[in-house]
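Comments concern the structure below.
Chain letters run A, B, ... following the sequence lines, proteins first and then strands; every chain starts at 1.
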Amino acid sequence: MAVDPLASDLTAWFRENARDLPWREPGIGAWAVLVSEFMLQQTPVNRVIPHWESWLRRWPTPASLASDPPAEAVSQWANLGYPRRALWLHRAAEEITARHGGVVPRRVDDLLALTGIGDYTARAVAVFAYGERHPVVDTNIRRVLARIIDGKSQPGAPSRRDLDAMAALLPEDRADAALFNAATMELGATICTARKPRCDACPVAKRCAWRAAGFPDTGDRRPRQATYEGSDRQVRGLVLRGLREAAPAPLPAQALAPDWPDQMQRDRAIDSLIADGLIELEDGIACLPRGRRSLVEVSAAP
DNA sequence: AAGTCGTGGTT
DNA sequence: TAACCAAGACT
């Protein structure tokens, strides 16, 4: 069966225009790819790169990460945002070590069973790390498909139709299939962007239903984010930042976001961080999870 | 299944 | 400048 012309145009474009991102280096391991996918969840590429490099330098294998306490992962995560991803990545490393002998699994089902890995990440790792043949759908790909195929400016909710659409376009050859997934994602990230698409540079503009229809605004925006200023998220961020910067030393609870105007809200934030396993609180002393040095360790120090 | 979860850059 | 956006996952 011949490769779909849309797929072949996109992969041809990708071969010439792919950004050389570090996790795309040939021979990069599955663990490195997995770490990149965790960090890239809702975080821009340019912010991820330096963190990805230092993370892998410190923890080159799942087992090496699993052998350190989660507190170290949360600290190392620094200001990447959504810090529970650090916790989940640490837990995934433990699971990989325990269930898979320290080797990142290759099957989508096994990947899906790991903490913090959902439908996108499982497929991304299987495809980009192992060259398995699956359709991958992220927000970029959803947007590209919505525009090219459905003629909409914005995609609706994630649907299994996107997965089916990618599956229908997927080249038979595994390597080509992986390239096509990466190419579609790359187009969405660099050309067919949410805000100002650069249709002049798009290799498949001729095939775009949205363009053919005159770029109709289909409304259908994503729900707007709540104001960050004064939000629970902001307090949580401040509390965690304080603990990170103090680590490995613990802090008295009063020293967490001490200037926050709303005491009740601050206390709720602390409780929610405890519930999430991001911090621990004992006798009014707070620390990162299992971050306090044991008495043995402290007394053994010179 | 809609809400929630950080942080920083861009418009 | 306030709003928008960024390789999602979990509950």
Should [X] be listed as having a side-chain N or O under 4.0 Å from OP1 or OP2 of [N]?
{"X": "A:Arg244", "N": "B:dT7", "result": "yes"}
{"X": "A:Arg233", "N": "B:dT7", "result": "no"}
{"X": "A:Tyr120", "N": "C:dA9", "result": "no"}
{"X": "A:Thr121", "N": "C:dA9", "result": "yes"}
{"X": "A:Arg142", "N": "C:dA6", "result": "no"}
{"X": "A:Asn79", "N": "B:dG8", "result": "yes"}
{"X": "A:Gln42", "N": "C:dG8", "result": "yes"}

Residue pair A:Leu10, A:Leu169: steps toward the side chain to side chain contact (heavy atoms under 4.5 Å, CB included) verdict: CA-CA 11 Å; A:Leu10 280 174; A:Leu169 294 170; over 6 Å; no
Contact nearer the 5' end of DNA chain B, comparing A:Lys196 with A:Ser272: A:Ser272
Whole Å only: how far is the [atom1] atom of [X] from the [atom2] atom of [N]?
{"X": "A:Arg241", "N": "B:dG8", "atom1": "CZ", "atom2": "P", "answer": "7 Å"}
{"X": "A:Tyr82", "N": "C:dA9", "atom1": "OH", "atom2": "C1'", "answer": "10 Å"}
{"X": "A:Gln225", "N": "B:dG6", "atom1": "CD", "atom2": "C1'", "answer": "9 Å"}
{"X": "A:Leu278", "N": "C:dA9", "atom1": "CG", "atom2": "P", "answer": "18 Å"}
{"X": "A:Ile49", "N": "C:dA6", "atom1": "CD1", "atom2": "P", "answer": "17 Å"}
{"X": "A:Arg123", "N": "C:dA7", "atom1": "CZ", "atom2": "C1'", "answer": "15 Å"}
{"X": "A:Leu87", "N": "C:dC10", "atom1": "CG", "atom2": "P", "answer": "13 Å"}
{"X": "A:Arg91", "N": "C:dC10", "atom1": "CZ", "atom2": "C1'", "answer": "11 Å"}

Donor-acceptor pair (no angle test) under 3.5 Å: A:Thr43 side chain, B:dG8 base: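 No pair found.
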CA sep, side-chain torsions, deciding dist, call: A:Trp55, A:Trp77, ring-ring contact (aromatic ring centres under 6.0 Å, His included): CA-CA 8 Å; A:Trp55 187 281; A:Trp77 198 258; 5.7 Å; yes
More than 12 heavy atoms of other groups within 6.0 Å of A:Arg241 CZ: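 Open: at most 12 neighbouring heavy atoms sit under 6.0 Å from CZ of A:Arg241.
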A:Arg47 CZ: over 12 foreign heavy atoms closer than 6.0 Å: yes
Please work out if [X] contacts a base, only the sugar-phosphate, or nothing of the nucleic acid, heavy-atom cut-off 4.0 Å.
{"X": "A:Asp119", "value": "sugar-phosphate"}
{"X": "A:Leu21", "value": "base"}
{"X": "A:Trp23", "value": "base"}
{"X": "A:Ile141", "value": "nothing"}
{"X": "A:Ala194", "value": "sugar-phosphate"}
{"X": "A:Tyr228", "value": "base"}
{"X": "A:Thr139", "value": "sugar-phosphate"}
{"X": "A:Gly81", "value": "base"}
{"X": "A:Arg236", "value": "sugar-phosphate"}

A:Arg84 side-chain proximity, nearest of C:dA7, B:dC5, C:dA6: B:dC5
Which nucleotide in C:dA9, C:dA7, B:dG6 has an atom nearest any side-chain atom of A:Leu40: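 The listed nucleotide nearest to A:Leu40's side chain is C:dA7.
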Residue mapping more 5' on DNA chain C - nearest nucleotide basis, A:Arg19 or A:Leu114: A:Arg19
5'-most by nearest nucleotide on DNA chain C - A:Ala189 or A:Arg195: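 Here A:Arg195 is the residue nearer the 5' end.
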[M] and [N], which share atom name [atom1], separated by this distance in whole Å:
{"N": "C:dT11", "M": "B:dG6", "atom1": "P", "value": "14 Å"}
{"N": "C:dA6", "M": "B:dA1", "atom1": "P", "value": "25 Å"}
{"N": "C:dA7", "M": "B:dT4", "atom1": "P", "value": "23 Å"}

Is the closest basic N to carboxylate O distance between [X] and [Y] below 4.0 Å?
{"X": "A:Asp20", "Y": "A:Arg24", "result": "no"}
{"X": "A:Asp276", "Y": "A:Arg236", "result": "yes"}
{"X": "A:Arg160", "Y": "A:Asp164", "result": "yes"}

